[in-house]
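Input: a single structure, listed below in structure tokens.
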Amino acid sequence: GAVVSQHPSWVICKSGTSVKIECRSLDFQATTMFWYRQFPKQSLMLMATSNEGSKATYEQGVEKDKFLINHASLTLSTLTVTSAHPEDSSFYICSARTGGSEQFFGPGTRLTVL
Amino acid sequence: AQSVTQPDIHITVSEGASLELRCNYSYGATPYLFWYVQSPGQGLQLLLKYFSGDTLVQGIKGFEAEFKRSQSSFNLRKPSVHWSDAAEYFCAVGENQGGKLIFGQGTELSVKP
């Protein structure tokens with residue numbers, strides 16, 4: 001149980017285009033989802049927290065107009081990187097929880113912007 | 001400020017040897033502490049967690065960790081390392097079981113045959 005999936009697992013896009021990453025809780029209803037960003041050989045940095053049906057709460061320094069987060073259902077959250085640039089290339093990881101449970105992490109999405 | 005420090009960026013141990021990965025935290029309230037493992041290109045898998053009670057906690061894959069409040073530490077240990085343990089290990093602290101997590105920088109573990 002408690003499986004979180006992400007799609008795609010990797011994506012390459014041209015600079016200036018937008019990319020959408022999906023995060024799904026497969027066997028539980030995720031009231032809260034988190035989005036993290038991880039640079040090579042570095043730690044995970046929390047980008048935003050999203051509660052189902054509410055606007056996401058972004059961490060300081062994260063551009064909400066660039067990283068659009070939607071949590072429209074209890075099993076799906078999406079992160080859209082708008083007008084992506086090479087500096088947005090990173091490993092994006094989501095996690096999900098239900099109620100007060102621990103977070104369960106997805107396998108991550110590798111984004112490369114050319 | 002809340003923070004997690006993993007002093008060792010990279011550790012190499014021989015297969016069968018014991019392992020200890022260090023983690024120190026700075027947190028204003030009673031911390032919820034976690035250790036995660038990440039294989040290359042993968043997400044995070046929870047090894048163990050500490051919320052309260054017995055300060056020595058057992059996790060999966062033969063790992064254990066000890067919470068020492070006086071030292072603000074939560075070091076991860078394993079008595080005998082296997083080659084499959086080679087991975088990146090992250091210590092994290094949170095305000096509750098499912099809340100925001102602050103991660104350490106990670107420790108990369110290499111295992112020599």
Side-chain angles (χ1 to χ4, degrees), chain A residues 1-11 21 23-26 28-52 56-60 62 90-112, chain B residues 1-11 21-27 30-52 57 59-60 65 86-110:
Chain A
V3 179
V4 177
S5 70
Q6 285 184 238
H7 179 79
S9 55
W10 58 270
V11 57
I21 302 170
C23 176
R24 294 182 184 272
S25 55
L26 299 184
F28 67 100
Q29 293 187 324
T31 52
T32 304
M33 288 185 168
F34 302 85
W35 285 95
Y36 295 84
R37 182 174 181 177
Q38 184 181 30
F39 290 103
K41 299 292 187 181
Q42 294 189 29
S43 187
L44 283 76
M45 300 299 294
L46 179 65
M47 299 175 66
T49 304
S50 72
N51 293 299
E52 186 266 338
T57 301
Y58 290 81
E59 295 299 302
Q60 190 172 9
V62 177
S90 191
F91 195 53
Y92 292 88
I93 301 175
C94 74
S95 69
R97 74 168 194 222
T98 181
S101 78
E102 67 185 72
Q103 294 181 39
F104 299 97
F105 287 81
T109 297
R110 173 78 57 196
L111 170 63
T112 301
Chain B
Q2 302 162 356
S3 66
V4 178
T5 301
Q6 293 179 245
D8 305 305
I9 296 174
H10 189 197
I11 284 182
L21 302 182
R22 296 183 290 167
C23 173
N24 293 97
Y25 66 90
S26 174
Y27 203 75
T30 301
Y32 285 69
L33 295 159
F34 307 81
W35 273 100
Y36 290 90
V37 60
Q38 183 183 36
S39 297
Q42 300 295 313
L44 274 70
Q45 181 181 23
L46 179 67
L47 288 175
L48 48 76
K49 57 190 176 185
Y50 172 78
F51 300 154
S52 63
V57 293
I60 63 172
E88 188 87 18
Y89 291 81
F90 291 97
C91 180
V93 64
E95 59 186 4
N96 51 50
Q97 181 175 205
K100 289 168 50 173
L101 292 175
I102 299 170
F103 285 87
Q105 302 92 319
T107 297
E108 182 180 0
L109 173 66
S110 297

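What you see is a predicted model, and the numbers here were worked out from it, not measured in a lab. Below, chain A is the first sequence line, B the second, and so on; all start at residue 1. Side chains are part of it too, since the values below use all heavy atoms of this structure and drop only hydrogens, waters and symmetry mates.
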| task | Pick one of side chain, backbone, both or neither for B/E108, based on which atoms fall under 4.5 Å of a heavy atom in chain A. | result | side chain

| said: Counting neighbours of NE2 on B/H10 that are heavy atoms of other residues, nucleotides or ligands and sit closer than 6.0 Å, is the number greater than 12? | reply: yes

| query | Where is the tightest heavy-atom contact between A/E102 and B/K49, given as atom of each residue plus distance? | reply | OE1-NZ, 2.6 Å

| said: So which atom in B/G99 and which in A/Q103 form the shortest heavy-atom distance, rounded to 0.1 Å? | reply: O-NE2, 2.6 Å

| message | Please classify the contact between B/L46 and chain A as side chain, backbone, both or neither, with a heavy-atom cut-off of under 4.5 Å. | response | side chain

| message | Looking at every heavy atom in both A/Q38 and B/F90, which two are closest together, and how far apart are they? | response | NE2-CZ, 3.4 Å

| message | Does any backbone or side-chain atom of B/L101 lie under 4.5 Å from a heavy atom of chain A? Answer side chain, backbone, both or neither. | response | both

| field | Non-hydrogen side-chain atoms of A/L44 and B/L44 separated by less than 4.5 Å | value | yes

| B/Y36 portion near chain A, given a 4.5 angstrom heavy-atom threshold | side chain

| query | Can you tell me if A/S43 uses its side chain to pair, donor with acceptor, with the backbone of B/G106 under 3.5 Å? | reply | no

| request: With a 4.5 angstrom heavy-atom cut-off, could you sort out which part of B/Q38 is near chain A: side chain, backbone, both or neither? | output: side chain

| query | Counting only heavy atoms not in B/I60, do more than 12 fall under 6.0 Å of its CD1? | reply | yes

